[in-house]
Amino acid sequence: MSLAPRLDLRQSQSLVMTPQLQQAIKLLALSNLEIETFIAEEVERNPLLDAQGSDDGPTEAAESSDDFEPRDGPADASELILGGGDAAGEAALDVDFATDAFHHDSASDLIGGLDGGLGLNGTGGGGAEDGPDLDNLGTGDLSLADHLLAQAGATVAGPDLFIAQHLIDQIDECGYLTVPLREIAERLGVSLVRVEAVLAVIQTFDPTGVGARDLAECLALQAKEADRYDPCMARLIDNLELVARGDLGRLRRICNVDDEDLADMVRELRGYDPKPGCRYGGDPVPAVTPDVFVARRGAGWAVEINAATLPRLLVNRAYYAEVSGGKQDKASKAWLTDMLASANWLVKALDQRQRTIIKVASEIVKQQEGFFLKGVAHLRPLTLRQVADAIEMHESTVSRVTSNKYLSCARGLFELKYFFTSAIQSADGGEAVSAEAVKSAIKTLIAAEDPKKILSDDTLVEMLNAKGFDIARRTVAKYREAMGIGSSVQRRRQKALEGAG
């Protein structure tokens, strides 16, 4: 065996993830709103990129960009009306990045758009100027702490105001005091009696029930405010665990009242607010913005990207020509070339991302057409692999496309992942059904059950088998719990309380 040095020539193949490909894969998993943030960062970094809103007119950059040549044929970004369009010629993100043919016209440029003229797609039949600004709703809400501090400033003064401010700081968003009074007294160096006296003042503030240390005290404060806190109501509030269990017979004996009085007390109790602090403050819940619109068009379906949340990204070739025409050193020239290549790649990657989303969403609509026509009961079992095989893409690409993206249609707003469900075999040997369809059937049966004859899980299994669903009892229990529906015992107690109230 020779130990002398030598040179060998070997040929091998390997898969290399280029930075551009990594960026394209990252873009697939982002929602439209996240893409908007990403584009803003890229525009700030790259001077050759210009971003325009969907309503902006043409600019010098747009006119000078030769990357934005319109394609032959109708100016319709979706062009995917199932049964009429042909998407076979469009390159998939994980197949071909070389195409230069891309466009930005879409069905949203037509009057009304796929959102039915609501203005969601930036085109308007409803008119964004006349519609409510949803982003500003709730921004002027006063927080619970500020609301209580304002009342404390008008009610107490001096050292008591300092104690009140500290107590208010310990009240959570639901309105409950979360720290023991003795601990607060020791921390402030005052007597426990004085802290209790200040808390008693805070408990008179609006909303009624704020400053309570537990649920029973919160309900008692509201009963006192309504002048309903008599000895019978006090005993009822002291036995909330019996109320939760629906043990009406024992409650009648403890409260020493008849059926009519107990029903009146329970009705009063159910009218109180167990979390009075939740009326105030808190950050407004952001509205979910759809990434894809689906609408019925003749005998098929039109699928369109929500262009309102996607700024138009342009390569400013006029600026590039102006800068590159001057004198510059080798490093500056290389940097400018890199910026141009990066800008061109990003524009193409974003366009390819939209095409891929349209392709995946169109296949979902095709596979789940029964849902869009007739509702959740007709949702079919569907997997990522089925969609991937149908559109000739990799399963991981479909997974990224369907992450954090929402589809808006006539039946509402749904996450794309919603349409992928497991299969439940049919009892008669027919076609398998979706798990979501079974959940819908369970919910419907329970909603229609007789309060005097609550359906057990075994009974639900028999009724579902009669409907053609071959399902086990443990699966019924799992689906019921996933929907937040209690057991037959819990529902029986709840119905009894509702009957008493």
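With sequence neighbours left out, H166 forms a side-chain hydrogen bond (donor to acceptor under 3.5 Å, both in side chains) with R187.
Aromatic rings from Y418 and Y406 are positioned such that their centres are separated by 6.0 Å or more.
Using a distance-only test at 3.5 Å, with no hydrogens or angles considered, no donor-acceptor pair links the side chain of R353 to the main chain of A24. Although no hydrogens or angles enter the test, the distance criterion places no donor-acceptor pair under 3.5 Å between the side chain of N239 and the main chain of L242. Within the 3.5 Å criterion, the main-chain N or O of Q151 finds a donor-acceptor partner in the side chain of T155. A donor-acceptor distance shorter than 3.5 angstrom exists from the side chain of R480 to the backbone of G486, with no hydrogens or angles considered. Formation of a donor-acceptor pair under 3.5 Å by the K467 side chain with backbone atoms of M463 is not found in this model. With T356 contributing its side chain and Q352 its backbone, the two residues share a donor-acceptor pair below 3.5 Å. With hydrogens and angles disregarded, a donor-acceptor distance shorter than 3.5 Å links the side chain of Q368 to the backbone of R380. Of the possible polar contacts, none joining the E462 side chain to the T459 backbone as a donor-acceptor pair under 3.5 Å is found. N404 places no side-chain N or O within donor-acceptor distance of the main-chain N or O of L30, the cut-off being under 3.5 Å.
Summarising the geometry of I184 relative to V179, their closest heavy-atom pair is CG1-CG1, 3.8 Å, with the distance given to 0.1 Å.
Residue-environment remark: CZ (R250) stays at or below the threshold of 12 foreign heavy atoms within 6.0 Å. Crowding of R474 atom CZ: a count of heavy atoms from other residues, nucleotides or ligands under 6.0 Å not exceeding 12. No more than 12 heavy atoms of other residues, nucleotides or ligands lie within 6.0 Å of CD in E260, so this atom counts as exposed by the packing criterion. Counting heavy-atom neighbours within 6.0 Å of R385 CZ, excluding the residue itself, gives a total of 12 or less. The neighbour count for E173 CD, taken as heavy atoms of other residues, nucleotides or ligands under 6.0 Å away, does not exceed 12. Annotation: E241, atom CD; neighbour count of heavy atoms from other residues, nucleotides and ligands within 6.0 Å is above 12.
Note: D457 CG to S487 OG = 7.5 Å, rounded to the nearest 0.5 Å. The line from CZ of R253 to CG of D247 is 7.0 Å long, rounded to the nearest 0.5 Å.
Applying the side chain to side chain donor-acceptor pair (under 3.5 Å) rule to pairs touching residues 200-215 yields H147-D206, Q203-E217, D206-Y280, R213-E217, sequence neighbours excluded. Pairs engaging residues 221-235 under the side chain to side chain donor-acceptor pair (under 3.5 Å) rule: R228-D264 [sequence neighbours left out].
Residues D273 and R279 form a side-chain contact, since some pair of their non-hydrogen atoms from C-beta on lies under 4.5 Å apart. At a threshold of 4.5 Å between non-hydrogen side-chain atoms, the residues L269 and L240 count as touching.
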Start with the C-alpha distance between F420 and Q386, add both sets of side-chain angles, then the distance that settles side chain to side chain contact (heavy atoms under 4.5 Å, CB included), and finish with yes or no.
CA-CA 10 Å; F420 296 92; Q386 287 177 260; over 6 Å; no
Give the C-alpha distance, both sets of side-chain angles, the deciding distance and a yes or no for side chain to side chain contact (heavy atoms under 4.5 Å, CB included) between L346 and L27.
CA-CA 10 Å; L346 180 58; L27 292 178; 4.1 Å; yes
Please evaluate residues V43 and D50 with respect to the criterion side chain to side chain contact (heavy atoms under 4.5 Å, CB included), reporting the C-alpha separation (whole Å), side-chain torsions for both, the decisive distance (0.1 Å), and the verdict.
CA-CA 6 Å; V43 168; D50 283 336; 5.6 Å; no
Taking it one step at a time, do V156 and I202 satisfy side chain to side chain contact (heavy atoms under 4.5 Å, CB included)?
CA-CA 10 Å; V156 295; I202 293 176; over 6 Å; no
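Side-chain polar atoms of K417 and T402 form a donor-acceptor pair below 3.5 angstrom. Between the side chains of S399 and S396, no donor N or O sits under 3.5 Å from an acceptor N or O.
Taking the six-membered ring where tryptophan is involved, the planes of F372 and F419 are essentially parallel, since the angle between them stays under 30° and well short of 60°.
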